[in-house]
Amino acid sequence: MTTLLKPGARVFVAGHRGLAGSAIARALADAGHEVLTRTRAGLDLRDAEGTAAFLRAARPDAVVLAAATVGGIMANQRFPVTFLEDNLRIQLSVIAGAHAADVDRLLFLGSSCIYPKHAPQPIQEEALLTGPLEPTNEAYALAKIAGIGQVQAYRRQFGRRYIAAMPTNLYGPGDNFDPETSHVLPALIRRFHDAKAAGRDEVVLWGSGTPRREFLHSADLAAACLLLLRGYDEDLPVNVGCGEDLTIAALAETVAGAVGFTGRTAWDRTKPDGTPRKLLDIARLRALGFAPRTPLARGIRETYEWWLHARPQ
Ligand SMILES: NC(=O)C1=CN([C@@H]2O[C@H](COP(=O)(O)OP(=O)(O)OC[C@H]3O[C@@H](n4cnc5c(N)ncnc54)[C@H](OP(=O)(O)O)[C@@H]3O)[C@@H](O)[C@H]2O)C=CC1
Ligand SMILES: C[C@H]1O[C@H](OP(=O)(O)OP(=O)(O)OC[C@H]2O[C@@H](n3cnc4c(=O)[nH]c(N)nc43)[C@H](O)[C@@H]2O)[C@@H](O)[C@@H](O)C1=O
């Protein structure tokens, strides 16, 4: 099979210290690629001139855009300007900078929150822009939709082989475990762990527990990104998920079991539920040969172990 990412190709991973970017950088290095990185302190990707200058000098063969301002439901709701403007700026800098540096291959990471709040389930890629968005993350979703449009525009106007992937909710080593700003899975690990350590017999979680979410381990995301970089070159973004979802209440039971918390779970219904369900249709990705490898219970246990022993102190 011909590959769109040559063996040994040099790849700039923007956001290499994040949950997704670190897993993608590992997978690329394991596959024999040279991975180029810059820390945020060394290069703020919102700075278009600095980013363009870096890309012109480095001339990577490909770029993976996994840098973004990212957070859970409350962070999105509280800081819509930051989520909208940071992400628009990063996307403009990196995608336009890659084109100006004559980089012919780029993978942009969007998010499953780009789809309408009440999209038919499982959500097909064609559901994009067919209905109103979920209000808690509308600003972030609009920035991501603009990123998809930017990728498609470079394909149409300049023939660039730029593509976009839409991951479902991710988790794994290197995630953000801050209880106020994180996504639900690391937040639950943290809340159950802290309650157990403090000898408390109740943990209060947000919303009603009824929304359904799909969770993909970051290593599986990375495997999917490699498949896409090697074998996908079309306009339509590609969903990246595991094909199964569960309620937040069921997730809480699994996390409590992994952490060893045996007390009660209560629900704070003043906090938002967000979208009722977002299960991705991953037929397109499966057709490229993708099969998720990390069962959720094992992934949660391993992520908890990582947080206990390897997290930055
Ligand atoms: N986590 C999830 O559940 C999902 C994530 N995604 C998408 O995947 C991508 C990666 O997300 P995730 O790994 O979770 O996010 P993280 O917050 O874990 O990582 C984001 C990375 O981007 C870097 N970054 C952010 N802003 C800047 C900036 N201005 N200049 C330079 N670097 C910057 C961060 O640097 P630093 O380390 O210095 O902070 C960090 O390395 C994003 O596009 C996100 O939208 C999509 C669906 C779900
Ligand atoms: C990936 C995706 O992530 C975000 O969307 P989300 O899936 O709604 O985000 P979430 O992971 O924060 O919450 C999932 C569910 O879980 C419930 N929930 C319970 N207890 C806690 C809790 O303690 N923390 C959090 N964060 N949620 C909790 C919470 O009320 C909600 O019903 C987007 O903003 C956007 O960033 C995006 O693209």
Side-chain angles (χ1 to χ4, degrees), residues 13-25 37-47 50-51 64-77 80 82-83 86-87 89-91 93-94 107-115 117 134-141 143-144 147 164-172 174-192 203-216 218 221-222 225 240-241 247-249 251-252 255 265 267-278 280 312:
V13 178
H16 71 288
R17 293 210 293 208
L19 169 65
S22 60
I24 294 166
T37 60
R38 277 292 175 280
T39 61
R40 188 199 293 239
L43 176 63
D44 185 332
L45 295 167
R46 292 171 300 185
D47 167 9
T51 303
V64 176
L65 178 41
T69 289
V70 179
I73 192 165
M74 289 300 283
N76 270 270
Q77 198 175 45
T82 315
F83 278 77
D86 278 1
N87 290 323
R89 287 200 175 105
I90 290 170
Q91 291 158 199
S93 298
V94 175
L107 171 64
F108 165 64
L109 294 190
S111 165
S112 58
C113 71
I114 55 152
Y115 293 116
K117 174 168 185 163
E134 155 60 31
T136 52
N137 54 38
E138 188 171 358
Y140 172 80
K144 292 289 182 182
M166 298 304 117
T168 191
N169 292 42
L170 304 171
Y171 73 100
D175 209 345
N176 166 19
F177 285 77
D178 179 290
E180 298 312 311
T181 61
S182 69
H183 290 102
V184 61
L185 198 152
L188 265 50
I189 289 180
R190 181 77 186 267
R191 291 188 196 289
F192 286 122
V203 165
V204 180
L205 302 180
W206 297 349
S208 64
T210 59
R212 300 183 70 90
R213 293 289 184 275
E214 176 189 17
F215 296 94
L216 185 73
S218 55
L221 168 82
C225 289
V240 182
T247 63
I248 297 299
L251 174 74
V255 174
T265 299
W267 298 94
D268 175 359
R269 287 164 201 269
T270 66
K271 297 285 197 303
D273 267 344
T275 197
R277 190 177 187 199
K278 47 176 176 176
L280 294 179

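Both ligands and their constituent atoms are indexed starting at 1 by order of listing. Here the structure is a predicted model, which is why all the values come from computation and not from measurement. For the single chain, residues carry numbers from 1 onward in sequence order.
Across P272 and I73, no two heavy atoms sit closer than the pair O-CD1, 3.7 Å. The nearest pair of heavy atoms linking L65 to Q91 is CD2-CA, 4.1 Å. The nearest pair of heavy atoms linking A20 to L170 is CB-CD1, 4.2 Å. Between D273 and G207, the shortest heavy-atom distance links the atoms OD1-CA, 3.3 Å. Taking both residues in full, the closest heavy atoms of W206 and E180 are given as CH2-O, 3.6 Å, listed atom of the first, atom of the second, then distance. Taking every heavy atom of both residues into account, D47 and G50 meet most closely at OD1-N, 3.0 Å.
Annotation: side chain to side chain donor-acceptor pair (under 3.5 Å) contacts of T275 (sequence neighbours excluded): none. In this structure, the side-chain contact (heavy atoms from CB on, under 4.5 Å) partners of D175, at least two apart in sequence or on a different chain, are L19, Y171, F177, P186. Considering only residues two or more places apart in sequence or on other chains, F83 meets the ring-ring contact (aromatic ring centres under 6.0 Å, His included) condition with Y140.
Given atom 15 (C) of ligand 2, the protein heavy atom at minimum distance is I248 CD1, 3.7 Å. Of the protein's non-hydrogen atoms, the one nearest atom 19 (C) of ligand 2 is W206 O, 3.1 Å. Protein heavy atom in closest approach to atom 10 (P) of ligand 2: V184 N, 3.8 Å. Nearest protein heavy-atom contact of atom 4 (C) of ligand 2 is H183 CD2, 4.0 Å. Nearest protein heavy-atom neighbour of atom 12 (O) of ligand 2: I73 N, 2.8 Å. Protein heavy atom nearest atom 31 (C) of ligand 2, with residue, atom name and distance: D273 O, 3.4 Å. Here the heavy atom of the protein found nearest to atom 36 (O) of ligand 2 is G71 O, 2.8 Å. Closest to atom 33 (C) of ligand 2, if we only count protein heavy atoms, is N137 ND2, 3.2 Å.
For ligand 2, the polar-atom distance check finds an N/O of R213 within less than 3.5 Å of one of the ligand's N/O atoms. In terms of polar-atom proximity, defined here as any N/O pair under 3.5 Å, P211 makes no such contact with ligand 2.
The closest side-chain heavy-atom distance from C225 to L107 is below 4.5 Å. Taking the side chain as every heavy atom from C-beta outward, I24 and L109 approach each other to under 4.5 Å. Taking 4.5 Å as the limit, every side-chain heavy atom of T210 sits out of range of all side-chain heavy atoms of T247.
For ligand 2, the atoms sitting less than 4.0 Å from at least one non-hydrogen atom of A187 are 22 (C), 23 (O), 24 (N), numbered in the order shown with element in parentheses. Short contacts between ligand 2 and P272, defined as distances under 4.0 Å to a heavy atom of the residue, involve ligand atoms 29 (C), 30 (O). The ligand atoms of ligand 2 that sit less than 4.0 angstrom from a heavy atom of N169 are 1 (C), 7 (O), 11 (O). Atoms of ligand 2 found under 4.0 Å from any heavy atom of C113 (numbered from 1 in listed order, with element): 38 (O). Close contacts of ligand 2 with S111, meaning ligand atoms under 4.0 Å from a residue heavy atom, involve 37 (C), 38 (O).
Between the CG atom of N137 and the CD1 atom of I114 there is a distance of 11.0 Å, given to the nearest 0.5 Å. With rounding to the nearest 0.5 angstrom, the CD atom of E138 is 10.5 Å from the NZ atom of K117.
Residues with a heavy atom under 4.0 Å from ligand 1: G15, R17, G18, L19, A20, R40, L43, D44, L45, R46, A66, A67, A68, V70, I90, L109, G110, S111, Y140, K144, P167, T168, N169, L170, H183.
With a 4.0 Å cut-off on non-hydrogen atoms, S182 touches ligand 2 through its backbone and not its side chain. Contact annotation: for N76 versus ligand 2, heavy atoms closer than 4.0 Å belong to the side chain alone. Under 4.0 Å from ligand 2, not a single heavy atom of S112 appears. Counting heavy atoms closer than 4.0 Å to ligand 2, residue K278 contributes side-chain atoms (C-beta onward) but none from N, CA, C or O.
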Under the side-chain contact (heavy atoms from CB on, under 4.5 Å) rule, what do K278 and R213 come out as? Steps first, then yes or no, please.
CA-CA 6 Å; K278 47 176 176 176; R213 293 289 184 275; 3.6 Å; yes

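Other residues, nucleotides and ligands contribute only 12 or fewer heavy atoms inside 6.0 Å of the CZ atom of R38.
Remark: distances from the non-hydrogen atoms of R191 to ligand 2 include one below 4.0 Å.
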